[in-house]
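Heads up, the thing below is written out as structure tokens.
We count residues from 1, following the sequence as given.
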Amino acid sequence: MAKFINASNGFTLHDLMQEDGLVFEIGDDLENINDEEFPYSPNVPLSNEEALNFLNMDDFDDDDDNPDLDNNSSVAVCGISFEKLKSKMTDIIGNGKVMKLIKQKGVGEPVPYDAQVTVKYIGHFEYRDEPFDSSFTRGGTDTFCLNQGMLIPGLEIAIASMRKHEIAIFIIHPDLAYGKYGCAPRIPPNEEILFVVHLVDYLDSGCIESFKSLSLDEQKLFANVSKRVQAKFNIARDCFKKKKIRQAIREYSRGLEWLEEAALKNQEEEDEAKRLLTRGYNNLAVCYNLENMPRRVCIACNRVPLPNSKTHFNFGRALMKMGEYTRAMEKLQLALKMEPGNTDITKEIKLVNAKRSKYDEMEKQLWRRCFKIENEQKEKSGFEKAAYDMCETFANDSQILRQPLPESLTPDEDKLIRQQAAAFGLTVTTHQRYGREVTYLNKSNY
């Protein structure tokens, strides 16, 4: 009997290969799904030059009696018989179901078990002009974790045979692809698939999964935790390189959580734990700053056990975004003291000085134009104009998320500023800070 699956709950390639087929149930809630990745679209042309280079093979010259091939020209994959192509390939599992030809040799060791792989690939059916799938339609590379049902079995086996930077061609039998039913309408039944794969990089994340088989006491041992954490940090770093900042935040946060719970037996382990915590929280602070989350930056920096120049720099940058210019300057000066020749720090110091001077001047304009409600004229008052200018400047300043307002405003002045703020989509909040009440202009994303 066919297996029924609610599409909104997700499914794996293993589900697609059910012997009796698969039936999708789609409810109205599917309309609310917001995919992070761009879906594949057959309407997107493969104009990327690299994709074309993958598809244009120049080393499949066959015998003179082969009418399909021209010995003096480049041959496209889609114009080659799979059977003739297999004569040039190697059987990597011994039953002819995954055939391989290396186009560019890789370096290092083969991909380890359960690794996270980053690949560029194109998938073709025999004698079809267009690929049925391509990473190039989604930006060039895709990242998968092996042995987690994210890929068809044949492609998992294929990638596991590769080395970093290797480019290879694979032909995969339907038994290790989409089976006798295929996946309509894109994948026909009983169809062999040709993949051209470029293994860009991989991360050995196998220790993260193998960690689960340990006892609770063994999971707490720092020797086991540190390996798991470093693998998690490597995944986070890879996400950061791909500009997937939110995902990097999740990966760093999870690794730090494991590290905070580790049992430390001696000073050596405590020192190593502090080093890893420093690295993790510093990188987490960088990510939070990129996502305009200054309060979380401050929390991360406060948790760094061995503060360094990077810690103080990110702390200062976050405080500037919060309108805490004096404290921001203190942190940046500490960073500069630790790393005197760093031009990024000096630029940030200049930026903080410029912001502080600009908003100090605007605050002075407000004070100069304070007014009494009984003297208000029909035309815009001087105070109102100064409040308008401050709100407009702040709303258009992409580097600041919060700005303190002058203290001791009268109720009428406070009301007027709130009105001007609302016109620019800003909010006004009051907090107890440093033993006194401080009122701030805030942006909606603060």
Side-chain angles (χ1 to χ4, degrees), residues 10 36 112-118 143-150 201-315 317-319 321-322 331 445-446:
E36 290 185 2
Y113 182 82
D114 280 346
Q116 175 184 277
V117 297
T118 300
T143 299
F144 307 98
C145 289
L146 299 183
N147 299 298
Q148 292 189 15
M150 299 176 73
D201 200 1
Y202 67 79
L203 295 170
D204 184 1
S205 57
C207 61
I208 294 178
E209 293 302 317
S210 62
F211 184 86
K212 296 176 182 178
S213 64
L214 301 175
S215 68
L216 291 177
D217 288 339
E218 289 174 327
Q219 288 181 10
K220 295 287 185 181
L221 295 177
F222 181 73
N224 294 325
V225 172
S226 63
K227 292 179 182 178
R228 190 187 189 200
V229 168
Q230 290 188 65
K232 202 67 169 172
F233 283 2
N234 286 340
I235 294 172
R237 181 180 61 186
D238 187 65
C239 293
F240 184 87
K241 287 180 179 178
K242 296 180 175 67
K243 302 188 185 304
K244 297 180 179 180
I245 307 303
R246 293 287 179 126
Q247 188 176 343
I249 288 173
R250 289 193 292 270
E251 302 294 348
Y252 277 124
S253 298
R254 194 74 180 109
L256 287 164
E257 182 182 332
W258 296 333
L259 198 55
E260 295 279 13
E261 296 173 354
L264 306 175
K265 295 188 302 184
N266 51 46
Q267 187 63 45
E268 182 180 354
E269 288 189 350
E270 186 172 339
D271 291 341
E272 178 63 13
K274 286 182 177 179
R275 186 189 68 79
L276 285 172
L277 286 167
T278 297
R279 172 188 166 193
Y281 279 122
N282 272 335
N283 290 337
L284 191 58
V286 172
C287 293
Y288 281 140
N289 258 330
L290 288 173
E291 288 294 308
N292 270 333
M293 299 178 178
R295 285 177 290 187
R296 295 192 181 187
V297 175
C298 296
I299 293 171
C301 290
N302 279 325
R303 290 182 177 176
V304 173
L306 304 171
N308 53 28
S309 175
K310 184 177 181 179
T311 312
H312 297 307
F313 175 82
N314 281 293
F315 210 156
R317 173 169 283 181
L319 289 167
K321 293 181 180 182
M322 298 168 65
K331 295 295 182 182
N445 59 332
Y446 176 72

Check whether any side-chain heavy atom of Ser253 lies under 4.5 Å from a side-chain heavy atom of Leu284, and answer yes or no. yes

Quick check: do Leu259 and Tyr281 have side-chain heavy atoms less than 4.5 Å from each other? no

So which heavy atom on Gly280 is nearest to which on Phe233, and how close? CA-CZ, 3.7 Å

Could you tell me whether the side chains of Asn282 and Asn314 share a donor-acceptor contact shorter than 3.5 Å? no

Taken to the nearest 0.5 Å, the spacing of Phe315 CZ from Asn289 CG works out to 11.0 Å

Ala285 and Val297 have their tightest heavy-atom pair at O-CG2, 3.6 Å

Salt bridge flag under 4.0 Å for residues Glu272 and Arg275: yes

Arg303 vs Leu277, side-chain contact (heavy atoms from CB on, under 4.5 Å): CA-CA, chis, key distance, verdict: CA-CA 8 Å; Arg303 290 182 177 176; Leu277 286 167; over 6 Å; no

Candidates Glu251, Arg237, Lys310 - the one meeting side chain to side chain donor-acceptor pair (under 3.5 Å) with Asn283: Lys310

If only side-chain N and O atoms count, and only distance matters, is there a donor-acceptor pair under 3.5 Å linking Asp201 with Thr118? no

Going by heavy atoms in the side chains, are Arg228 and Trp258 under 4.5 Å from each other? yes

Could you grab the distance from atom CE of Met293 to atom CD1 of Ile249, nearest 0.5 Å is fine? 5.0 Å

With a 4.5 Å cut-off on side-chain heavy atoms, are Arg317 and Lys321 touching? yes

When you compare the side chain of Tyr202 with that of Pro112, does any pair of heavy atoms fall below 4.5 Å? yes

Enter the distance from Tyr252:OH to Phe240:CZ here, rounded to the nearest 0.5 Å. 7.5 Å

Output yes when a side-chain donor or acceptor of Glu270 lies under 3.5 Å from a complementary backbone atom of Asn266, and no otherwise. no

Drop me the distance from Met322's CE to Arg295's CZ, to the nearest 0.5 angstrom. 7.0 Å

Residue pair Leu306 / Lys274: nearest heavy atoms and the distance that separates them: CD1-CB, 4.0 Å

Can you tell me how far apart SG (Cys298) and NZ (Lys331) are? Round to the nearest 0.5 Å. 9.0 Å

Atom CD1 in Ile235, atom SG in Cys145: separation rounded to 0.5 Å? 6.0 Å

Side chains of Asp271 and Gln267: donor-acceptor distance under 3.5 Å anywhere? yes

